[in-house]
Amino acid sequence: MKYDPKKIEKHWQKEWAKQKLYETPDTAKGKSNYMLLTEFPYPSGNLHIGHWYAFALPDIRARYLRMKGYNVLYPIGFDAFGLPAENAAIEREVNPRDWTEDNIKYMTKQLASMGASFDWSREVRTIDPDYYRWTQWMFVKMFEKGLAYRAKTKVNWCPRDKTVLANEQAGGGVCDRCGTQVEQREIEQWMFKITAYADRLIDDMENLDWPETTKLAQRNWIGRSEGARIKFKLQTSSRKPQAEYVEVFTTRADTLYGATFVVISPELAQQWIDVGWKADDEVWSYITTSLNRTELDRQTEGKEKTGVFTGIYAINPINDEKIPVWVADYVLGHYGTGAIMAVPAHDERDKEFAKKFKLPISKAALRDANEVIIDLKKKDAGNHEKIYHLHDWILSRQRYWGVPIPMIRCDDCGYVPVSEDDLPVKLPKLDDYLPADDGRSPLAKATSWVKATCPKCDKPAERETDTMDTFVDSSWYYLRYTDPNNGKEFAGKERMRLWMPVPIYVGGAEHNTMHLLYSRFFTKALYDLGYVEFDEPFIGRRNHGIVLGPDGQKMSKSRGNVVDPDAEVERYGADTVRMFLAFMAPYEQGGPWDPKGISGASRFLQRVWNIGQGDFKKSSSATKVIHRAVKNVGEDIMGLRFNTAVSELMKALNDGEENMSRENFEMFLKVLAPMAPHITEELWHQLSHKDSIHIQPWPEYDEALLVEKEVTLPVQVNGKVRDTIVVPADAPDSEIQERALKAEGVMRHMSEKKPKKVIIIPGKMVSIVV
RNA sequence: GCCCCCGUGGUGGAAUUGGCAGACACGUAUGCUUCAGGAGCAUAUGGCCGCAAGGCUGUACAGGUUCAAGUCCUGUCGGGGGCACCA
C-alpha cells in the first residue's frame, strides 16, 4: 500500500469522532484528572499556522498523558464576542452574529483537520446566552461586593472604534485593535476593582510554575512601590487652598532632608482651585492648558519640563524648612498622591526642573529611611505606604458585539442589578449596530429593549446600554469547561474539584499582563465570594513562540509571507505538518517557517510507513534504541521539548530501521502516536489490532537495557583530548588509569613525562595533568 | 532611563546543566538509481594544513576561575523584549 495521508487522515478523524474517543468522563479515572488548557481562539475566519502551533503541539502532550494513564481533558471553544468581529462585519456589511457563526462553523471543520484530541462535547462559546448568563451573573456578584462600580474617569477613547479602551489595550497611546491614536475623554464607566487585589496578585505568584518573564511582566505591570506618605504643612497665606497640607509619596524617605521644593500635578492643583484656592492668572492658565493636553502629549513632548510657582510655601516636617510649591505636569495626577517632594540632589527629573527654574539643589544628608518614618509618625506627619501602577479595570464598551452589562438605571434607586432570575439579559438583534460618535452604545437605539422596570421599586427605568470588554468573557471560560452544560451554576463545585486548578496552561506571551492577570483577578474574586475553592486558576503556565514567515518576519497578508496550513496539509498531510512544527524550533521560541525543512518530516513518516509495509526481522538489535526513545521522547514531551522529542524518534529510526522486529515496531508506533496520530493509527490497524493505538498504555522501557556495559571515555592530556579508551562500565579507577596512560595518543603527548595528577570522572572522562 | 532575555556551521537547532561542541534535520557536493522529477538510496560536509595518519583552530569580542568553559565570573560589542516624567 502507498502512504496516502489525505485518505487515512480523513478516515481516522471520522472514526475517532464516531467512537467519541476523546470525550472525557467527569470521574476520577486513572492516575488523576488533568486539564491541559490552551487559549481559545477568536473566530477570525481562517485557521492560521499559528493556530496549529497553539493547538496541535499541546495535543501531543495531551495524548501522551492519556497513554500514561491520566484522565485528560483537552477542551476547545471560541472567544467570539469582540471588536475585531464587529469591525470585520461592518466592513463586509453583514451582521456580526452571522459573520461570527459562519466563521465558527468553518474553523471547526478546519480544526478537525489537525487531528487534535479535543473534547468537542464541551465546546464553550462566549456568545452563547447559556454562557454569558454567567458572565453577567459574576458581574452582579462583584457589583454586590463593591468589586464592580461606576466612576467618572479620564479614559482612552478610540475615535475610530468609537469606544473606551482599557489602559492595557491602549499601549503607547494607540488602539491595539485598529492602531488609531487614542484620545482622552471624561466618561462615567463601569470598573472592576482589580487594584484591591494588587498585593495578592503579586505575592501569590511565588508558588506558581510560570515562566519568570511572565511573572516579571505582571510584577512590573502592577508596579508596587513601597515608601512613605509625607504631610507638608502649607504655610498660611491669603490665597492658600482650603487644604492645610500637601501630601507627597516617596520611595526615598531617606532623602527628605534634601527636599528643596514640592511639585504638585495639574490635577491636584485643579482640586485645590475647586476648594477655594485663588490662583493667579499665570498659574490658572498653566493648569488649564496642561489638563487639556492628552496623556500622550504629556508623555511624548520630549523631556523639556514646564511648570509654574504657585505662590504657596510648604514646611518640611523633618526640619521645618520653608520650601516653595510648584505645579508641573511631569508630576502625574493619577499616581501616588499627585504630588512629590523634589530632591534635585537625588532625582534626575527634579534636578532638571530645578536647573531650569533656578531652584536650589542642596546636598542631601541621608538618614535611614525607617528612622525618618518613625520620626514622621511621632509628629503625625507621615507613615509607611505602598502604591501601585495598576489601575482599576474599565470594562464598559460602547459597542454592540459584547455581553450586555446587566444593570438597570432607575431615577430613584440609581443603578440596580438585574435580578438573578432574569439573567441572561440577551443581546438584542439589531439592524443598526454601528457605533455612534456621541459615546453611547448602539444598544441605546434598541428603544424597546432599553425600557425596563426597576427591580427595586418597580418604576419605569432604563437598561445599561454598554457592553462588556471581551476580556471579561475570557476571564472565566476555563471554569466552564469543567461543567459546560450546567444550567444552575457557572460550574458545579464537584466538577471543579476534579479539574481545577489547571496544571498547565499553554499560550502566547502577549497575554502575560492582560488575560492572565484578569483571569487571576476573577478567580480570586470568586474565591473570596465563596464560589470556588482555589484562588489561583493556573498552577503552570508555558508560553509558546510564534511561527514567522519564511522571510523571518511576522506573517501578514500585506507582506505576502503567510503560510496556509490547509495547503501544507493538502500536500504533505496533517501528521507531517504536526511533526515539522514540533521539530522546527524550541516550542517556547518559535521561528521562521522553512518551506524546504518540512520535507525532512515527510521523509521520516514515509520511511515509517515503508517499514510497516515490509517484513519484520527476527532480530532484537533495535530493542535498545527503541527503549531509549521511549524514555527520552516521554521526558521531552512532558517538558514541551517537542523538537528534541522528534529528533529522538529520528535517531531511533536511523539506528533501528534495518533490524526492526514486529514488537519493536509496535513500540515505536506507540511512541510516535502522540505526534503523528493518523499514520500510527493506520499502521497499528494494519497490524491487525482492533482498538485504537491512542488508548494503548505508553510502553515501559527497561532501564537495564539503557545501561551501557562498556563506556568510551575520552582521555585528556593537559586539557586536550588525545585519545579515547573503551572500558567496562564498572571498571575500577585503577584499571581506567592504567588503560588511559597506555593509550597510544596519550603516550605520544606525554613524551616520557610523569603524570602529576590523574582525574577520573566515572562514566565521563579521564584528565591527565603533566 | 530602568528591568529582563539572547549571541553556537551556509540554515533551523542539539549539548545529560562544568566533562569528546555541532546530535537531529534542511541545504550543498559527489556517486548510484529512475523515461522524468520539487522523487529515492549511498557517502561526505565548522575552518585551516595534509595524499594520508594526524595536527592546529573553533560557540559575538577581550580577560578571568578550573585538570576541564558554549555552560561560571568581569568588561565590551551586537540583537530582541517588557516598563517608562511611576516619585
Side-chain angles (χ1 to χ4, degrees), chain A residues 171-172 211-225 227-228 248-252 255 263 265 295 298-305 328-332 334-343 346-350 352-353 387-390 509-510 512-513 552 571 579-580 583-586 589-604 606-607 610 632 635 641 643-654 712-724 745 748-749 755-770:
Chain A
E212 272 312 312
T213 48
T214 307
K215 290 188 183 182
L216 196 72
Q218 296 216 353
R219 257 183 243 122
N220 283 344
W221 187 262
I222 297 166
R224 178 163 66 193
S225 298
V248 304
F249 175 80
T250 179
T251 53
R252 295 292 307 273
T255 65
V263 189
S265 62
E295 201 87 340
R298 272 168 74 168
Q299 283 171 20
T300 50
E301 203 164 279
K303 301 276 169 184
E304 186 66 14
K305 294 209 166 19
D329 68 3
Y330 82 93
V331 173
L332 306 174
H334 59 73
Y335 186 70
T337 59
I340 62 155
M341 62 178 207
V343 187
H346 279 278
D347 186 287
E348 277 307 311
R349 295 154 302 179
D350 296 347
E352 197 190 315
F353 191 82
I387 60 166
Y388 309 87
H389 293 185
L390 185 69
E510 71 274 17
N512 275 352
T513 46
R571 187 164 160 197
M579 289 293 289
F580 180 58
F583 183 60
M584 60 172 234
Q589 177 191 308
W593 174 270
D594 177 0
K596 282 179 180 157
I598 191 169
S599 58
S602 175
R603 279 173 202 151
F604 171 77
Q606 184 65 58
R607 279 163 65 199
N610 292 344
N632 293 340
E635 287 172 1
R641 293 182 299 270
N643 55 333
T644 49
V646 174
S647 93
E648 283 299 328
L649 286 162
M650 288 173 166
K651 263 191 255 185
L653 191 72
N654 289 347
T712 305
L713 299 181
V715 183
Q716 289 184 349
V717 179
N718 284 345
K720 284 189 176 167
V721 178
R722 294 306 182 184
D723 209 337
T724 58
R748 191 165 54 231
H749 284 89
K756 209 158 53 180
K757 203 163 147 198
V758 179
I759 298 158
I760 297 168
I761 312 294
K764 301 272 193 204
M765 69 175 332
V766 181
S767 184
I768 299 167
V769 189
V770 182

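Chain letters run A, B, ... following the sequence lines, proteins first, then strands; residues in each count from 1.
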**Asked** If pairing requires Watson-Crick or G-U wobble contacts with both distances under 3.5 Å, which nucleotide is the partner of B:C2?
**Response** B:G82
**side chain to side chain contact (heavy atoms under 4.5 Å, CB included) partners of A:Asn718, counting only residues at least two apart** = A:Val769, A:Val770
**Message:** For A:Ala645, give me all partners under side chain to side chain contact (heavy atoms under 4.5 Å, CB included), at least two apart in sequence or on another chain.
**Reply:** A:Val633, A:Asp636, A:Ile637, A:Met675
**Message:** Does A:Lys756 contact B:C67 through a side-chain donor or acceptor facing the base, at a distance under 3.5 Å?
**Reply:** no
**Request:** Could you give the distance separating B:G7 and B:G70 at their P atoms, to the nearest angstrom?
**Result:** 14 Å
**Item:** Any strand: nucleotide that pairs with B:G50 via Watson-Crick or wobble, under 3.5 Å
**Value:** none
**Request:** Give A:Arg219 one of three labels, base, sugar-phosphate or nothing, depending on what nucleic acid heavy atoms sit under 4.0 Å from its own.
**Result:** nothing
Which atoms of nucleotides 3-11 of chain B (N or O only) lie under 3.5 Å from a protein N or O atom, and what are those distances?
none

**Validation row: A:Gln716, A:Arg722 side chains within 4.5 angstrom (heavy atoms)** = no
**Prompt:** If pairing requires Watson-Crick or G-U wobble contacts with both distances under 3.5 Å, which nucleotide is the partner of B:G19?
**Reply:** B:C67
**Side chain of A:Val331 (C-beta onward), nearest among B:A39, B:A87, B:C56** = B:A87
**Message:** Suppose you measure atom C1' in B:G22 against the same atom in B:G58; what distance do you get, rounded to whole Å?
**Reply:** 11 Å
**Verdict with supporting geometry, A:Val646 and A:Phe580, side chain to side chain contact (heavy atoms under 4.5 Å, CB included)** = CA-CA 9 Å; A:Val646 174; A:Phe580 180 58; over 6 Å; no
**Request:** Please measure how far the P atom in B:A14 lies from the corresponding atom in B:A25, and state the result in whole Å.
**Result:** 15 Å
**Message:** Is A:Arg252 close enough to B:A87 that one of its side-chain N or O atoms is under 4.0 Å from OP1 or OP2 there?
**Reply:** no
**Request:** Select from A:Gly719 and A:Lys596 the residue whose nearest nucleotide in RNA chain B is closer to the 5' end of that strand.
**Result:** A:Lys596
**Fill in**
For A:Asp723 and A:Gly745, the nearest pair of non-hydrogen atoms, with its separation, is OD2-N, 2.8 Å
**Asked** Once you round it to whole Å, what is the distance between C1' of B:C67 and CZ of A:Arg722?
**Response** 14 Å
**Rounded distance in Å between the P positions of B:U71 and B:U59** = 9 Å
**Request:** Measure from CG on A:Leu332 to P on B:C83 and round the result to the nearest Å.
**Result:** 16 Å
**Asked** Taking for each residue the nucleotide of RNA chain B bearing the nearest heavy atom, is the 5' side occupied by A:Tyr388 or by A:Arg748?
**Response** A:Arg748
**Request:** Report the C-alpha distance between A:Tyr330 and A:Asp350 in whole Å, list the side-chain angles of each, state the deciding distance to 0.1 Å, and finish with yes or no for side chain to side chain contact (heavy atoms under 4.5 Å, CB included).
**Result:** CA-CA 10 Å; A:Tyr330 82 93; A:Asp350 296 347; 2.9 Å; yes
**Request:** Look through every strand shown and name the nucleotide pairing with B:A62 as Watson-Crick or G-U wobble, where both distances are under 3.5 Å.
**Result:** B:U74
**Request:** May I have the distance from A:Asn654 (atom CG) to B:A42 (atom C1'), rounded to whole angstrom?
**Result:** 14 Å
**Request:** Any strand is fair game: report the nucleotide pairing with B:U45 by Watson-Crick or G-U wobble, both distances under 3.5 Å, or none.
**Result:** B:G27
**Asked** Expressed in whole Å, how much space separates the P atoms belonging to B:C6 and B:G40?
**Response** 38 Å
**Prompt:** Is A:Ser599 near enough to B:A25 that one of its side-chain N or O atoms lies under 4.0 angstrom from OP1 or OP2?
**Reply:** no
**Asked** Which heavy atom in A:Thr712 sits nearest to a heavy atom in A:Pro714, and how many Å separate them?
**Response** O-CD, 3.8 Å
**Request:** In whole angstrom, give me the gap between the C1' atoms of B:A42 and B:C48.
**Result:** 28 Å
**Fill in**
Judged by whether its glycosidic angle lies within 90° of 0, B:U17 is syn
**Prompt:** Between B:C85 atom C1' and A:Ile340 atom CD1, what is the distance in whole Å?
**Reply:** 9 Å
**Prompt:** Among all residues two or more places apart in sequence or in another chain, which pass the side chain to side chain contact (heavy atoms under 4.5 Å, CB included) test with A:Asn654?
**Reply:** A:Arg607
**Request:** Pick the P atom in B:A44 and in B:A52, then give their distance to the nearest Å.
**Result:** 15 Å
**Request:** Report yes if some heavy atom in the side chain of A:Thr724 is under 4.5 Å from a heavy atom in the side chain of A:Leu713; otherwise report no.
**Result:** no
**Message:** Between C1' on B:G13 and CD on A:Glu648, what's the gap in Å once rounded to a whole number?
**Reply:** 14 Å
**Asked** Given side chains that start at C-beta, do those of A:Val343 and A:Arg252 come closer than 4.5 Å, heavy atoms only?
**Response** no
**Request:** Flag this pair as yes if the NZ/CZ of A:Lys305 is under 6.0 angstrom from the six-membered ring centre of A:Phe353 and inside a 45 degree cone about the axis; otherwise no.
**Result:** no
Could I get a table of every N or O pair under 3.5 Å where one atom is in the protein and the other is in nucleotides 44-49 of chain B?
none

**Message:** Rounding to an integer number of Å, can you tell me how far A:Glu510 CD sits from B:G82 P?
**Reply:** 11 Å
**Prompt:** Taking OP1 and OP2 of B:A87, is either one under 4.0 Å from a side-chain nitrogen or oxygen of A:Tyr330?
**Reply:** no
**Complete:** Shortest non-hydrogen pair, A:Asn643 vs A:Ala585, comes out as CB-O, 3.7 Å
**Asked** Taking O4'-C1'-N9-C4 for purines and O4'-C1'-N1-C2 for pyrimidines, is B:G46 syn (within 90° of 0) or anti?
**Response** anti
**Request:** Given side chain to side chain contact (heavy atoms under 4.5 Å, CB included), test A:Met650 with A:Glu648 step by step and report yes or no.
**Result:** CA-CA 5 Å; A:Met650 288 173 166; A:Glu648 283 299 328; over 6 Å; no
**Asked** Would you say a side-chain N or O of A:Arg603 is under 4.0 Å from OP1 or OP2 of B:C24?
**Response** no
**Request:** Give me the ring orientation class for A:Tyr335 and A:His389: parallel if the planes are under 30° apart, tilted from 30 to 60°, perpendicular past 60°.
**Result:** perpendicular
**Message:** Rounding to an integer number of Å, can you tell me how far A:Ile598 CD1 sits from B:G12 C1'?
**Reply:** 14 Å
**Asked** Base, sugar-phosphate alone, or nothing: which one does A:Asn512 contact when heavy atoms must sit under 4.0 Å apart?
**Response** nothing
**Request:** Evaluate the side chain to side chain contact (heavy atoms under 4.5 Å, CB included) criterion for residues A:Leu332 and A:Ser265: first the C-alpha distance (whole Å), next the side-chain angles of each, then the deciding distance (0.1 Å), finally the verdict.
**Result:** CA-CA 6 Å; A:Leu332 306 174; A:Ser265 62; 5.9 Å; no
**Request:** Report the distance from atom CE of A:Met584 to atom P of B:G12, rounded to the nearest whole Å.
**Result:** 12 Å
**Item:** Pairwise C1' distance for B:G75 and B:U65, with rounding to whole Å
**Value:** 15 Å
Got a list of protein N/O to nucleotides 14-20 of chain B N/O distances below 3.5 Å?
residue, atom, partner, partner atom, Å
B:A14, OP1, A:Asn643, ND2, 3.0

